[in-house]
Amino acid sequence: MPESLRYIQAVNHALAWALDSRDDTVYFGEDVALPGGPFGATKGLHKRFGDRRIFDTPISETGFLGMALGSAMTGLRPIAEIMYADFAFVAMGQIVNQIANTRYSSGGRWTAPLVIRMQQGYSPGACAQHSQSIEAYFAHTPGLRVALPSNPDDAYQMLRTAVTSDDPVVVAEARMLYPTRGEVRLDAPVEPVGGAKVVRAGTDATVVAWSRLVPVAVDAANQLAAEGIEVEVVDLRWLNPLDFDTVAASVGRTGRLVVAHEANLTGGFGAEIAARAADECFADLRAPVRRVAAPDVPMPAAPSLQAAVVPEAAAVVDAVRRTLA
Amino acid sequence: MGLADDYRSMARIRRFEERLMTLKDEGEVPGSIHLCNGQEAIPVGAARVLRDGDYVSATYRGHGWALARGVDMAALFAEIMGRDSALCGGRAASPYLSDVSRRFVGENSIVGAGVPVATGAALTARHQGTGDVSVASIGDGAMNQGNVHEALNLAAVLDLPLILVVENNVYSEMSRIDDMVRVKQLAERAAGYGIPGTVVDGNDPDAVAAAMATAVERARAGAGPSIVEAMTERLVGHYSGDAQHYRPAGEIADARTREPLVRIRNAADAALTATLDAIDAEVAAEVEAAVAAARATAVPDPATVKEHLYA
């Protein structure tokens with residue numbers, strides 16, 4: 001039976017499921033055991049699974065991400081938590097040079113079945129070091145799977161998929177979506193890795209979005225529907241593996257494409273979608289592809305300044321209108 | 001283990017490295033290689049106290065550790081030569097090779113970055129309760145990397161069975177280590193982690209084995225990590241093309257009077273000398289056979305270049 005849960009509760013359920021399913025699953029990070037995680041993602045898990053399965057690490061992302069890799073190579077199924085995605089940069093060497101290369105550079109003889117869990121994106125008052133949307137850095141790196149759940153059910157299903165994958169998976173959750181509530185299918189079978197979803201059908205334009213921009217795009221689509229414009233919204237969900245077929249099929253139906261993400265514009269993953277569309281959907285496109293993204297400035301902290309940076313529904317509405325003009 | 005056994009193990013490494021250099025000169029080894037000539041007593045001494053279940057990782061100067069752990073010599077040549085029978089399918093080459101079958105977690109061409117990974121292998125051993133240990137070898141220069149500091153602190157607070165072997169060969173790449181640190185011995189830093197640190201003669205396999213035995217026993221008992229600093233000297237350059245202009249005249253010649261193979265030779269009587277001569281001949285034949293086996297295989301098929309990326 002589906003249960004109504006908040007996004008962060010769905011994460012907690014998925015972690016409990018992972019720790020319950022296999023004894024070789026271990027969970028570690030900063031403040032995750034006794035404190036229960038800064039956002040409550042691991043609430044109650046230490047009491048239930050104990051020190052051997054879930055434990056706190058010193059503040060040393062490089063050290064414990066390397067530990068995640070070494071333990072994954074030698075028989076465990078670790079989940080390592082990065083408190084804010086921004087902190088992954090201090091351990092980027094372990095992620096890019098070590099974790100991503102392990103299977104390939106050993107000719108497939110070692111594997112790295114690990115999950116790096118983090119949350120990202122802006123929130124009011126959070127500074128430039130606690131607000132970035134960093135998915136493009138991971139999607140650029142061969143060897144990493146990249147998951148960005150946009151709703152409670154995906155938060156549960158995609159995290160379970162990640163922990164059962166034999167490849168290293170970066171799961172980047174959206175902090176601003178943690179309080180959102182939705183139906184979660186707790187007993188659903190574990191999904192395979194990958195797969196985009198059409199979350200709203202439409203005929204006039206396609207908006208491809210992921211993470212926090214999915215509900216924003218749906219909001220924009222509902223506004224446009226009031227004036228008779230029907231927008232199809234595709235939630236990309238996974239950047240690697242990239243399900244471009246779902247994007248191309250949607251563009252085939254609508255002939256117009258807007259890509260929307262919270263990350264900075266230049267070099268963002270939206271550029272990849274736009275380039276792929278130009279390459280593979282040229283005959284279907286009736287207008288140039290538009291991108292909605294944060295401008296290329298660091299995230300300011302004051303809410304009034306953030307409002308000038310963070311893409312919201314109005315920006316998506318505007319971009320769709322321009323593709324129709 | 002007698003002198004002859006040590007000599008054989010160290011001579012295999014020395015001859016392997018010397019043969020690699022001639023293959024490099026003959027154009028059969030692409031890229032640069034980092035040889036461990038002079039440092040053979042460290043992996044050989046350590047290997048004596050390790051068991052099959054233990055994990056070993058090394059730096060990009062790790063051919064000696066691979067051989068000491070029983071990695072197949074022909075497959076090792078093939079990997080470095082870019083051949084199809086390679087250990088890692090031709091994807092790692094000299095500085096990043098590994099062997100899952102020997103629990104050789106691998107070399108690492110990012111200085112110090114293998115130590116957190118080795119810490120992970122130690123976590124597995126603790127979780128599984130096997131009593132296995134994880135040995136990470138680094139050079140002296142790596143002691144200044146954050147990776148190493150973070151991993152040591154992490155291993156210390158979690159009481160993980162990690163043994164960090166610091167091969168102090170005087171030079172961190174091309175700069176003297178005493179210009180890079182203010183401590184006399186790198187093992188002094190162990191105090192900062194609340195763990196034991198010892199300094200040993202790294203040209204003496206007995207001394208290395210004794211220090212390792214203490215550290216390994218502590219680790220197997222669940223008492224946590226240790227640092228073993230092994231003092232040695234590099235008889236060759238940082239990499240295959242290194243002219244070593246930064247080294248004082250006569251330094252290498254001096255080191256050659258103290259290196260581990262010469263030390264056994266100098267102490268040998270007539271009977272042992274004859275045994276060592278015979279070992280040299282056997283090792284030379286083994287190395288040539290391994291080179292021939294590597295040469296006999298094709299190069300990896302370019303059509304396979306995307307294989308092994310994902311499950």
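Protein chains get the first letters and strands the later ones, always in sequence-line order, with residue 1 at the start of each.
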In terms of heavy-atom pairs under 4.5 Å, which option from A/Q94, A/M73, A/E61 contacts chain B the most?
A/Q94
Of all of A/P78, A/G70, A/A68, which one pairs up most often with chain B through heavy atoms under 4.5 Å apart?
A/G70
Which bit of B/A121 comes within less than 4.5 Å of chain A, counting heavy atoms only: side chain, backbone, both or neither?
both
In the structure I gave you, are the side-chain heavy atoms of B/L160 and A/M67 within less than 4.5 Å of one another anywhere?
yes
To the nearest 0.5 Å, what is the distance between CG (B/L154) and CD1 (A/I59)?
12.5 Å
Evaluate the side-chain proximity of B/R103 to A/T74: yes if any heavy-atom separation is below 4.5 Å, no if none is.
no
Pick from B/N147, B/V115, B/L97 with the largest number of heavy-atom pairs that fall under 4.5 Å of chain A:
B/N147
Side chain, backbone, both or neither: which part of A/L144 has an atom under 4.5 Å from a heavy atom of chain B?
backbone
Tell me if a side-chain donor or acceptor on A/D166 pairs with a main-chain N or O of B/A311 at a distance below 3.5 Å.
no
Does the side chain of A/F28 reach to within under 4.5 Å of the side chain of B/L123, using non-hydrogen atoms?
yes
Got more than 12 heavy atoms from elsewhere within 6.0 Å of OH, A/Y137?
no
Measure the spacing between SG of B/C88 and CZ of A/R109 and express it to the nearest 0.5 Å.
6.5 Å
Who among A/A100, A/G108, A/G143 has the most heavy-atom pairs with chain B under 4.5 Å?
A/G143
Structural part of A/T111 lying under 4.5 Å from a heavy atom of chain B
neither
Heavy-atom check, side chain of A/S60 versus side chain of B/N153, under 4.5 Å
no
Residue pair A/S106 / B/V100, side-chain heavy-atom distance below 4.5 Å:
no
Hey, does the side chain of B/Y96 reach the backbone of A/S105 with a donor-acceptor pair shorter than 3.5 angstrom?
no
Do B/D99 and A/W110 touch side chain to side chain, with heavy atoms closer than 4.5 Å?
no
Could you tell me if B/R126 sits above the aromatic ring of A/F55, with its cationic atom closer than 6.0 Å to the ring centre and no more than 45 degrees from the axis?
yes
What part of A/V26 lies closer than 4.5 angstrom to a heavy atom of chain B: side chain, backbone, both or neither?
side chain
Using heavy-atom distances under 4.5 Å, tell me whether B/E307 contacts chain A through its side chain, its backbone, both, or neither.
backbone
Quick check on B/V105 against chain A: is it the side chain, the backbone, both or neither that has a heavy atom closer than 4.5 Å?
both
CD1 of B/I110 to CG of A/N101, rounded to nearest 0.5 Å, is 9.0 Å
Minimum-distance pair of heavy atoms, taken over all atoms of A/D23 and B/H127:
O-NE2, 2.9 Å
Heavy-atom count check: over 12 atoms from other residues, nucleotides or ligands less than 6.0 Å from A/Q129 CD?
no
Between the main-chain N or O of A/S71 and the side-chain N or O of B/T124, is there a donor-acceptor pair closer than 3.5 Å?
yes
Quick check: are there more than 12 heavy atoms from other residues, nucleotides or ligands sitting under 6.0 Å from CD of A/E191?
yes
State whether B/Y310 and A/R103 meet the cation-pi test: NZ (Lys) or CZ (Arg) under 6.0 Å from the six-membered ring centroid, and within 45° of the perpendicular axis.
no
Looking only at heavy atoms, which two atoms of B/A113 and A/Q98 are closest? And how far apart?
CB-NE2, 3.2 Å
Any donor and acceptor pair, going by atom type alone, linking the side chain of B/H308 with main-chain N or O of A/G107 inside 3.5 Å?
yes
